[in-house]
Peer 1: 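Got a structure for you, written out below as structure tokens; questions coming shortly.
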Amino acid sequence: KKEYAGLHAALVTPYTETGEVNYRELKKLVRRLIAEGIDGFYVGGSTAETFLLTESERKGILEAVLEENNGEKLVVSHVGAISTRQAVDFAQHAEAAGADAVSAISPFYYKFTQREIEDYYLEIMAGSGLPMFVYNFPNLSGFALTEPFLERLKSSSRLAGIKFTSSDMFQLERIKARNPGLTVWNGFDEMLLSGLAAGADGGVGSTYNCLLPLVRGVYDRFRAGDPARALAFQRRANEAIEVICRHGVFASVKKLLEYSGIESHGCRRPFSPLSPEGEAELRRVYETHLAR
Ligand code: NAY
């Protein structure tokens, strides 16, 4: 069984010039992150623009990552969908393809009841044999998990943990304190150190694609018992993340990757392309923090 602790890159989806998924560049990114010391991959999440992809692209991306990873690092497949039936289908595909675990955002748009959302997770867990990481992201999904909700999900032995994309560090700390057996991943990269201090076991992040050396510094210094050095790394990362957030997270992450030789041709519409000012600022970030 692989470790759940550590840093997991929420992989971006590179495209070709004509906007098709670029599996060659995706594999190159996977290989590079392994060389840089990543602990795992979160495939097909928000960062992958997953709801702008077709079902077969989502499956193809997972297969490509598993192939390049070749059993080396943890591979978590995001299988979330509005439809339980579709999420179960993705989870069964993930299991058959060889992923280590699944994760799912709560079903959105129709404002499902808490009970409906609980049933969604229980049905995904019953429908495949893989451990489940609930993806809690209230800002985008409109649903914020609660402890009674978690209690109901714990009736399945497949509940493995939570991807906690919220700035409520009080809630993170309480959940981890009361559920030491669940893995909690910090979801906002700009708060990785805060999440770790509150008890998170690691993180999942979009900026890990391009800022791994800085993020690694935060994590490793914290684990080594040196919070002051960890904070120095977090500050450097946040100088970059501030610019990344200002100009669109996914397009910015992709631009930084492009500077280092991984082409991805922006994001799918309706995401807009980077502005010229955004590009110029990102270039400076690259030169200050990332160029070697
Ligand atoms: C995902 O599913 O890809 C993630 O949630 C990764 C976590 C990221 N959240 C989102 C919504 O992109 O890395 C964070 C985030 O981009 C970063 O903290 C900047 O705000």
Side-chain angles (χ1 to χ4, degrees), residues 6-14 26 29-30 33 38-53 58 61-62 65 74-81 87 90 94 99 101-108 132-145 161-169 172 184-196 200-212 214-216 218-219 233-257 264 267-268 271 278 282 285:
L7 300 174
H8 311 285
L11 290 167
V12 294
T13 301
L26 177 62
L29 175 59
V30 166
L33 288 167
I38 200 73
D39 296 309
F41 298 102
Y42 191 87
V43 185
S46 314
T47 305
E49 301 163 56
T50 205
F51 296 111
L52 310 183
L53 299 171
R58 282 179 69 172
I61 285 170
L62 177 65
V65 172
L74 187 80
V75 175
V76 182
S77 171
H78 175 261
V79 300
F90 280 129
V102 294
S103 180
I105 192 66
S106 48
F108 48 91
M132 161 68 79
F133 290 85
V134 172
Y135 183 0
N136 181 54
F137 192 5
N139 288 358
L140 288 191
S141 71
F143 173 75
L145 69 70
I162 307 165
K163 179 159 106 68
F164 193 88
T165 307
S166 152
S167 49
D168 189 346
M169 293 297 150
L172 190 162
V184 178
W185 286 326
N186 180 78
F188 280 130
D189 310 358
E190 50 277 45
M191 285 184 275
L192 176 61
L193 180 56
S194 314
L196 293 172
D201 302 279
V204 173
S206 56
T207 65
Y208 305 3
N209 284 283
C210 54
L211 303 181
L212 188 60
L214 299 179
V215 181
R216 194 81 252 174
V218 176
Y219 187 81
F233 275 108
Q234 182 78 68
R235 284 199 172 122
R236 284 184 61 201
N238 285 2
E239 280 173 27
I241 293 173
E242 195 171 37
V243 176
I244 289 170
C245 287
R246 186 154 64 231
H247 296 291
V249 175
F250 312 135
S252 297
V253 167
K254 286 174 156 185
K255 184 54 75 177
L256 289 173
L257 286 173
S264 55
C267 294
R268 269 194 184 164
F271 281 121
L282 287 162
V285 164

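For ligands, and for the atoms within them, numbers begin at 1 and follow the listed sequence. Residue numbers run from 1 in the order of the sequence given.
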Peer 1: Look at atom 16 (O) of ligand 1 and say which protein heavy atom is nearest, naming residue and atom and giving the distance to 0.1 Å.
Peer 2: Ser206 OG, 2.6 Å
Peer 1: Which ligand 1 atoms are under 4.0 Å away from a heavy-atom of Tyr42?
Peer 2: 2 (O)
Peer 1: Please report the shortest heavy-atom distance between Leu62 and Ala94, naming the atom on each side.
Peer 2: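 Residues Leu62 and Ala94, closest heavy atoms: CD2-CA, 3.6 Å.
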Peer 1: Under 4.0 Å, heavy atoms only, figure out whether ligand 1 is touched by the backbone of Tyr208, its side chain, both or neither.
Peer 2: neither
Peer 1: Exactly one of Ile38, Leu256, Leu33 should register a side chain to side chain contact (heavy atoms under 4.5 Å, CB included) with Asn209. Which one does?
Peer 2: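 Result: among Ile38, Leu256, Leu33, Leu33 is the only option passing the side chain to side chain contact (heavy atoms under 4.5 Å, CB included) with Asn209.
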Peer 1: Out of Gly80, Ala10, Ser252, Gly45, who gets a non-hydrogen atom closest to atom 6 (C) of ligand 1?
Peer 2: Ala10
Peer 1: Quick one: look up the protein heavy atom nearest atom 10 (C) of ligand 1 and list residue, atom name and how far away it is.
Peer 2: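 Closest protein heavy atom to atom 10 (C) of ligand 1: Phe137 CE2, 4.2 Å.
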Peer 1: Is it the case that the side chain of Asp201 and the backbone of Val184 share a donor-acceptor pair, with hydrogens and angles ignored and the cut-off at 3.5 Å?
Peer 2: yes
Peer 1: Which of these passes side chain to side chain contact (heavy atoms under 4.5 Å, CB included) with Tyr135: Val76, Ile105, Val204?
Peer 2: Ile105
Peer 1: Which residue holds the protein heavy atom closest to atom 17 (C) of ligand 1, what is that atom called, and what is the gap in Å?
Peer 2: Glu190 OE1, 3.5 Å
Peer 1: Find all atoms of ligand 1 within a distance of less than 4.0 Å from any non-hydrogen atom belonging to Phe188, and give their numbers and elements.
Peer 2: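 Ligand 1 atoms under the 4.0 Å threshold to Phe188: 18 (O).
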Peer 1: Of all heavy-atom pairs between Glu49 and Arg268, which one has the smallest distance, and what is that distance?
Peer 2: OE1-N, 2.8 Å
Peer 1: About how many Å separate CG of Leu211 and CG of Leu192, when rounded to the nearest 0.5 Å?
Peer 2: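 Spacing of CG (Leu192) from CG (Leu211) equals 11.5 Å.
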Peer 1: Which atoms of ligand 1 sit under 4.0 Å from any heavy atom of Phe250?
Peer 2: 12 (O)
Peer 1: For a quick test of reading the model, state the closest non-hydrogen atom pair linking Gly202 to Tyr219 and the distance between them.
Peer 2: CA-CE1, 4.0 Å
Peer 1: Are Phe108 and Phe51 close enough that their ring centers fall under 6.0 Å?
Peer 2: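 Yes, the ring centres sit under 6.0 Å apart.
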Peer 1: What atoms of ligand 1 come closer than 4.0 angstrom to any heavy atom of Gly205?
Peer 2: 13 (O)
Peer 1: Any atoms of ligand 1 less than 4.0 Å from a non-hydrogen atom of Thr47? List them with their elements.
Peer 2: 1 (C), 3 (O), 4 (C), 6 (C), 12 (O)
Peer 1: What atoms of ligand 1 come closer than 4.0 angstrom to any heavy atom of Tyr135?
Peer 2: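 Matching atoms, with element in brackets: 1 (C), 2 (O), 4 (C), 5 (O).
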Peer 1: Should the pair Phe188 and Phe137 be assigned to parallel (<30°), tilted (30 to 60°) or perpendicular (>60°) ring geometry?
Peer 2: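 The arrangement is perpendicular - the two ring planes meet at more than 60°.
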Peer 1: What is the nearest protein non-hydrogen atom to atom 8 (C) of ligand 1, stated with its residue, atom name and distance?
Peer 2: Gly187 O, 3.6 Å
Peer 1: How does Val249 reach ligand 1, by side chain, by backbone, by both or by neither, if only non-hydrogen atoms under 4.0 Å count?
Peer 2: side chain
Peer 1: Give the atom numbers and elements of ligand 1 that come within less than 4.0 Å of a heavy atom of Val204.
Peer 2: 7 (C)
Peer 1: Tell me the contacting part of Lys163 for ligand 1: side chain, backbone, both, or neither, using a 4.0 Å heavy-atom threshold, strictly below.
Peer 2: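 Looking at Lys163 and ligand 1, just side chain atoms fall under 4.0 Å.
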Peer 1: Which is it for Cys245 and ligand 1 at heavy atoms under 4.0 Å: side chain, backbone, both or neither?
Peer 2: side chain
Peer 1: Classify the ring geometry of Phe271 against Phe250: parallel below 30°, tilted from 30° to 60°, perpendicular beyond 60°.
Peer 2: perpendicular
